[in-house]
Amino acid sequence: VAKQGVISQYFSSL
Amino acid sequence: MFEARLVQGSLMKKFMEAIKDLVKEANWDCTGTGISLQAMDTSHVSLVSLLLRSDGFDPYRCDRNISLGINMESMAKIMKCASNDDVITIRSEDHPDNVTFVFESPNQEKVCDYEMKLMDIDSEHLGIPDTEYDAIISMPASEFQRICRDLSNIGDSVKITCNKDGVQFSAQGDTGIGKIALKQNAVIDKEDGQVSIELNDPVSLTFALRYLTFFTKATPLASTVTLSVSAKNPVAVEYRVDDIGYIRYYLAPKIEE
């Protein structure tokens, strides 16, 4: 089963 | 004060349509450069980033940087009140509690004035790193919309595979499998209808069609869409809008457990 990632895993807070 | 007059008001209506189903509320950041917005969808799976450059407006005046905290559904409702050929002006004070949208008919016989309350939105700004993409695929925006629509009939996810043979979009569901392959076409003089692929490394990634379909709401804004794909990274889906700016969407991939 493929798991949906979230965008903050890839882009960090400024 | 802040004032931005967009002669081609229909663009603002189209930008609104391109974000309203994805984002509930967001800050429109107004600076000397122009108007920008960055927001995540409520599930934090995707990010939308748009820029309307100041030189796309006539005139554009921004005395002080301001953030207009806006509920998208409310703004979309107001934008629907503008006719396609109206000139749209966005106006607010330096410390605004509300924003005014003015819609003028081309012959200026009709002027509509809508004032909307602003919200205090504490939004998180994310840094989007510069990425070396494995593959950059450009194709007609309408073609990408068609692919998302067709494959949504088959499954929830699309696997995008890009290699030297071209790009393949495939979906799988209870009823079976659908595959759409596009080759780079050789027609040089028909730029808008072209599929072009810049391939650095073969790549294959899976994305939720639900979100890609939200992104295709931007199709009326541009003839071409660019998909930038990199292994284990979000896909960047970009629509460049002539003379004013862009709307970019980022979507986190689905990873096999």
Side-chain angles (χ1 to χ4, degrees), chain A, chain B residues 22-23 27 29 36 38-49 67 122-131 133 155-160 170-173 204-212 214-215 228-237 248-257:
Chain A
V1 183
K3 190 172 175 254
Q4 175 63 62
V6 293
I7 209 80
S8 52
Q9 279 174 259
Y10 304 93
F11 301 159
S12 51
S13 260
L14 284 178
Chain B
L22 197 62
V23 175
N27 284 315
D29 296 315
S36 62
Q38 193 201 80
M40 281 185 278
D41 70 278
T42 45
S43 309
H44 291 196
V45 166
S46 67
L47 179 82
V48 56
S49 166
S67 281
D122 190 19
S123 71
E124 184 185 11
H125 230 74
L126 297 178
I128 300 161
D130 283 331
T131 309
Y133 287 104
D156 296 335
S157 304
V158 59
K159 187 172 173 185
I160 302 177
S170 60
Q172 199 170 339
S204 186
L205 276 170
T206 302
F207 299 99
L209 274 165
R210 173 182 153 78
Y211 289 93
L212 293 178
F214 280 139
F215 303 169
S228 302
V229 195
S230 211
K232 295 178 183 163
N233 271 306
V235 60
V237 179
R248 289 183 193 136
Y249 303 92
Y250 298 87
L251 175 61
K254 284 188 160 186
I255 305 288
E256 293 290 338
E257 293 245 275

*What are the two closest heavy atoms between B:Ala252 and A:Gly5, and how far apart are they?*
CB-O, 3.4 Å

Using only distance (under 3.5 Å, no hydrogens or angles), which donor-acceptor pairs connect chain B and chain A?
| from | atom 1 | to | atom 2 | distance (Å) |
| --- | --- | --- | --- | --- |
| A:Val1 | O | B:Glu257 | N | 3.2 |
| A:Lys3 | N | B:Ile255 | O | 2.7 |
| A:Lys3 | O | B:Ile255 | N | 2.8 |
| A:Gln4 | NE2 | B:Ala252 | O | 2.9 |
| A:Gly5 | N | B:Pro253 | O | 3.2 |
| A:Ile7 | N | B:His44 | O | 2.8 |
| A:Ser12 | O | B:Gly127 | N | 2.8 |
| A:Ser13 | OG | B:Glu124 | OE2 | 2.5 |
| A:Leu14 | N | B:His125 | O | 2.8 |

*Return the minimal non-hydrogen interatomic distance between B:Pro129 and A:Phe11, and the atom names on each side.*
CD-CD2, 3.3 Å

*B:Leu205 and B:Ile160: side chain to side chain contact (heavy atoms under 4.5 Å, CB included), yes or no, with the steps?*
CA-CA 5 Å; B:Leu205 276 170; B:Ile160 302 177; 5.5 Å; no

_Closest non-hydrogen atom pair, B:Val23 against B:Ala39_ = CG1-CB, 3.6 Å

*What do the steps show when you test B:Leu251 against B:Val237 for side chain to side chain contact (heavy atoms under 4.5 Å, CB included), and what is the final call?*
CA-CA 8 Å; B:Leu251 175 61; B:Val237 179; over 6 Å; no

*Of all heavy-atom pairs between A:Ile7 and B:Val45, which one has the smallest distance, and what is that distance?*
CD1-O, 3.7 Å

